[in-house]
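Worksheet: the structure to be examined is printed underneath.
Computation of the quantities below employed the complete heavy-atom set of this structure, encompassing side-chain atoms and omitting hydrogens, waters and symmetry-equivalent molecules. Values in this document were obtained by computation on a predicted structure and should not be read as measured data. Here is how names work: the chains are called A, B, and so on, in the same order as the sequence lines, proteins then strands, and each is numbered from 1.
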2 protein chains.
Amino acid sequence: MLLDALRAAGSTSRAELARTTGLSKPTVSTALAGLERAGLVRRTGEVSKGQGRGRAAVLYAADPAAGYVIGVDVGREWLRAAAADLDGTVVGRRDTPNTARTAGAMVRDAARLARAVAAEAGLDWSQVVHTVVGSPGVTDPGTHRVRYAVNLPGWGRSGLFDRLHAELGTGLDVLNDANLAALGEYALGAGQGSRLFAYLWVGTGLGAGVVADGRLFRGGHGAAGEIGYLPMFPLPQAAGPGPATGAPAPVGFSARGGPMEDAVSADAVVALARSMGMPEATTRTAKDVFAAARAGDATALGAVECEAARLAHAVAALAAVLDPELVVLGGGVGRNGDLLLAPLRTCLRELTPLRPRVVTSALGDDAVLLGAVARAAEAARERVFDTRHDA
Amino acid sequence: MLLDALRAAGSTSRAELARTTGLSKPTVSTALAGLERAGLVRRTGEVSKGQGRGRAAVLYAADPAAGYVIGVDVGREWLRAAAADLDGTVVGRRDTPNTARTAGAMVRDAARLARAVAAEAGLDWSQVVHTVVGSPGVTDPGTHRVRYAVNLPGWGRSGLFDRLHAELGTGLDVLNDANLAALGEYALGAGQGSRLFAYLWVGTGLGAGVVADGRLFRGGHGAAGEIGYLPMFPLPQAAGPGPATGAPAPVGFSARGGPMEDAVSADAVVALARSMGMPEATTRTAKDVFAAARAGDATALGAVECEAARLAHAVAALAAVLDPELVVLGGGVGRNGDLLLAPLRTCLRELTPLRPRVVTSALGDDAVLLGAVARAAEAARERVFDTRHDA
DNA sequence: TCCTTTTGTTAAGGATCCTAACTTGGTCCC
DNA sequence: GGGACCAAGTTAGGATCCTTAACAAAAGGA
């Protein structure tokens with residue numbers, strides 16, 4: 001509790017701590033002495049009280065160097081790793097292309113990258129207390145099994161957690177990447193201070209992470225926020241004589257249904273743009289579409305607006321079920337807030353009275369990695385406190 | 001804490017309590033003496049130990065009569081009220097038709113009914129510690145304002161909470177009815193013991209309540225679970241040349257979109273059945289449709305199956321965003337599990353890999369009322385403990 | 001009748017945190 | 001520059017809470 005107060009307030013004198021925590025001065029003094037002996041707290045200097053007239057205060061602060069953590073982002077194309085101290089301050093960072101073709105190789109590469117990052121930052125591996133790995137797929141909190149990781153071959157195999165754990169030898173959590181990105185935005189980005197918000201990742205796939213009261217909302221099987229699986233309508237209709245309908249029948253795959261991921265992810269943006277008449281040759285990726293739209297291409301702008309309207313449906317679904325205060329848009333597609341946000345908000349107004357604030361990610365590609373680091377730091381703080389306090 | 005242990009275990013001796021709570025025998029004795037003096041705990045007898053050979057144990061139990069609560073269900077057609085003790089055991093119950101046409105009259109009627117139920121149960125009003133009122137609409141935890149209560153004229157007016165509070169003079173919460181139904185199912189019905197489940201209310205409208213770890217999940221503005229507002233697809237499509245599609249265009253209102261409530265609530269069932277050819281004269285309510293289906297009417301069965309398929313979409317949306325372990329179906333339409341569950345489950349298998357268990361409500365029409373009572377009892381237990389413990 | 005077993009009470013001790021008074025080290029002002 | 005003043009930190013003593021250990025009381029069985 002004292003540590004939490006110290007971390008929140010930074011360098012603080014013991015008298016000040018006594019005031020903010022409600023404890024008495026003697027209690028704070030003895031407890032802090034214990035924490036200092038355990039290496040969790042450090043004198044940070046002695047400040048001659050900028051204003052006051054009394055005796056100079058000795059300042060203490062939680063020592064972020066009491067332990068270090070590693071965050072790893074296992075993406076389809078990149079492996080990213082960062083080392084950070086207990087405050088979550090990044091002290092080392094390294095990305096490599098993900099060339100591994102098997103899950104085993106990926107585990108090895110990830111572990112090697114983690115150790116390399118720690119070494120580069122001048123850390124001995126024994127100082128690393130906890131590691132958090134983010135990857136696509138659903139990780140069941142109970143079984144440690146990764147499921148639905150369609151993009152990573154073999155990554156869903158069981159025993160993977162144990163292998164990673166053995167390679168690293170630190171505390172370990174494996175979590176869904178969208179969930180970690182949400183934590184990252186909560187800790188450092190657009191979601192700071194929000195009581196309930198959702199991070200909507202739109203890129204090569206679609207996913208969401210939900211943070212409620214600062215904690216990840218994971219669902220009954222760890223699959224909360226897997227809105228890529230949200231089935232698209234139309235609803236089943238009666239066969240036989242129906243009521244006359246003047247509305248034009250919609251065309252395209254959405255009329256047939258399918259998971260929402262297929263309708264809004266990067267590939268869908270490309271397909272959409274091409275179907276509206278953009279040339280196949282110069283329209284290879286979603287990035288091309290957004291670039292063309294920014295250059296003023298009317299067709300591309302139309303495709304972007306259509307994508308925005310589809311995303312509005314995703315946001316509306318989140319709003320109807322969760323009622324978040326805020327939705328943060330991220331991922332390769334979602335980051336294009338300059339083009340997407342305005343039409344998305346307009347469309348949302350027509351869809352539902354429940355309209356959360358919608359903004360774009362503040363962390364971009366680093367959201368997952370920083371979320372992993374933030375979560376690892378949190379876990380490490382508890383763990384370091386527990387172990388050091390016994391001794 | 002001792003009280004919680006007592007309530008969980010029922011009548012218990014002090015020695016037994018010391019064992020289960022981890023406290024020492026003297027501590028339990030003195031604490032229990034204090035609770036007894038405060039009137040929160042009572043000797044329930046002395047059992048000569050059915051089996052053991054030792055001294056007879058004096059049994060204690062939490063006194064449920066230390067306070068009473070009222071639960072009220074303000075529905076469009078009925079006002080229901082129940083009085084219960086701190087255990088949530090109902091000691092009085094009364095329903096009246098809701099004839100009030102203005103919010104003011106409804107407040108008056110509800111308060112009168114509450115007092116009548118208490119009197120009938122032989123309670124003095126001063127014994128009533130807390131009241132919980134369930135009604136349609138979203139109640140913002142911050143402002144106490146009820147919003148979106150489309151079915152109750154004037155109920156959304158501000159100041160309503162304060163008027164009700166003044167009329168009753170007890171602790172008061174006003175909560176969404178679907179949320180309370182979820183709490184009811186958690187406390188007494190199909191959701192018992194579930195870590196995360198959703199109650200899906202399908203009747204004259206559509207709503208859901210979410211209970212996570214025994215606590216209501218209310219969302220950022222108290223609107224979590226308002227899936228009646230879930231917009232229906234189809235997704236917006238590109239104008240211009242689209243990819244060829246062989247799928248037949250769906251017909252009916254769902255092709256035009258709209259909130260999900262319009263597609264699955266009782267009125268929609270009637271419209272659906274009629275559109276499939278059921279006679280208007282004998283198809284007045286959803287109940288008629290289900291009755292006909294049970295009698296073997298093929299058209300009605302078709303309509304029911306179609307409704308089940310639509311509900312499967314609602315369940316799939318819940319699953320994709322929340323990932324509940326369990327979905328409990330309730331309300332005038334939802335209660336027909338014998339007809340709905342099988343096709344719903346079949347359809348769900350085609351829609352999504354995330355398939356929660358789906359069952360029907362165990363409490364039926366009483367879910368909201370019992371949920372209100374359960375929540376009121378919980379609030380009252382804390383309140384009674386706090387106030388009596390000071391004195 | 002006495003022994004065993006379990007309940008509940010009494011007595012003593014320790015952990016934790018508090019209040020109150022005091023010491024220390026500093027700024028401010030004459 | 002020396003004392004007044006002020007806030008930081010320490011020391012001493014005490015209250016509260018809970019624990020362990022031993023004991024007294026009550027019941028069943030030999």
Side-chain angles (χ1 to χ4, degrees), chain A residues 1-63 385-391, chain B residues 1-6 8-63 382 385-391:
Chain A
M1 163 182 159
L2 267 178
L3 275 174
D4 288 343
L6 267 183
R7 280 191 237 276
S11 274
T12 319
S13 74
R14 280 168 287 185
E16 181 64 25
L17 271 177
R19 252 168 280 141
T20 56
T21 61
L23 295 171
S24 66
K25 289 197 286 178
T27 307
V28 172
S29 280
T30 53
L32 221 55
L35 291 173
E36 191 174 18
R37 239 181 301 114
L40 296 169
V41 145
R42 239 183 13 185
R43 279 195 40 179
T44 54
E46 171 168 341
V47 161
S48 51
K49 297 283 310 196
Q51 206 66 349
R53 285 198 293 256
R55 170 177 171 180
V58 178
L59 299 181
Y60 286 82
D63 187 355
F385 177 79
D386 287 347
T387 57
R388 297 248 194 139
H389 209 65
D390 295 341
Chain B
M1 163 182 159
L2 268 178
L3 275 175
D4 288 344
L6 266 184
S11 275
T12 320
S13 74
R14 281 168 286 186
E16 181 63 27
L17 270 177
R19 252 167 280 141
T20 57
T21 60
L23 294 171
S24 66
K25 288 195 286 177
T27 307
V28 171
S29 280
T30 54
L32 222 53
L35 291 174
E36 191 175 16
R37 237 180 305 112
L40 296 168
V41 146
R42 238 182 14 186
R43 279 194 41 178
T44 55
E46 171 167 341
V47 162
S48 51
K49 296 283 308 190
Q51 206 66 350
R53 286 198 294 255
R55 169 175 171 179
V58 178
L59 299 181
Y60 287 82
D63 188 355
E382 275 192 38
F385 178 79
D386 288 348
T387 56
R388 296 248 194 140
H389 209 64
D390 296 343

Enclosure of B:Arg37 CZ (heavy-atom neighbours >12, cutoff 6.0 Å): no
Side chain of B:Val58 - closest among C:dT23, C:dG8, D:dA27: C:dG8
Just the rounded figure in Å: distance from P of D:dA25 to CD of B:Glu46. 16 Å
May I have the distance from B:Leu32 (atom CG) to C:dG8 (atom C1'), rounded to whole angstrom? 12 Å
Using whole Å, report how far CG of A:Leu17 lies from C1' of D:dG9. 13 Å
Over how many whole Å does the gap from B:Glu36 atom CD to C:dG8 atom C1' extend? 14 Å
Could you give the CD-to-C1' distance, from A:Glu16 to D:dC6, as a whole number of Å? 16 Å
Within the structure shown, what part of the strands sits under 4.0 Å from B:Ser13 by heavy-atom distance: base, sugar-phosphate, or nothing? sugar-phosphate
Side chain of A:Arg42, backbone of A:Asp63: donor and acceptor closer than 3.5 Å? no
Would you please confirm or rule out a distance under 4.0 Å between OP1 or OP2 of D:dA24 and any side-chain N or O of B:Arg55? no
Is it the case that the side chain of A:Arg388 and the backbone of A:Ala38 share a donor-acceptor pair, with hydrogens and angles ignored and the cut-off at 3.5 Å? yes
Does OP1 or OP2 of C:dT6 have a side-chain N or O of B:Arg19 closer than 4.0 Å? no
Between C1' of D:dA24 and CZ of B:Arg14, the distance in whole Å: 14 Å
Is it the case that over 12 heavy atoms from other parts of the model lie below 6.0 angstrom from the CD atom of B:Glu382? no
Please lay out, stage by stage, how B:Leu32 and B:Leu17 fare under the test side-chain contact (heavy atoms from CB on, under 4.5 Å). CA-CA 10 Å; B:Leu32 222 53; B:Leu17 270 177; 4.2 Å; yes
Checking the side chain of A:Thr12 only, and the main-chain atoms of A:Gly10 only, is there a donor and an acceptor separated by less than 3.5 Å? yes
Between N or O atoms, less than 3.5 Å apart, protein on one side and nucleotides 18-22 of chain C on the other: list the pairs.
{"residue": "C:dC18", "atom": "OP2", "partner": "A:Ser24", "partner atom": "N", "Å": "3.0"}
{"residue": "C:dC18", "atom": "OP2", "partner": "A:Ser24", "partner atom": "OG", "Å": "2.7"}
{"residue": "C:dC18", "atom": "OP2", "partner": "A:Thr27", "partner atom": "OG1", "Å": "2.6"}

Nearest 0.5 Å please: distance from the CZ atom of B:Phe385 over to the CG atom of B:Leu40. 7.5 Å
Closest approach to the side chain of B:Ser29, judged atom by atom: which nucleotide of D:dG9, C:dT9, C:dT7 is it? C:dT9
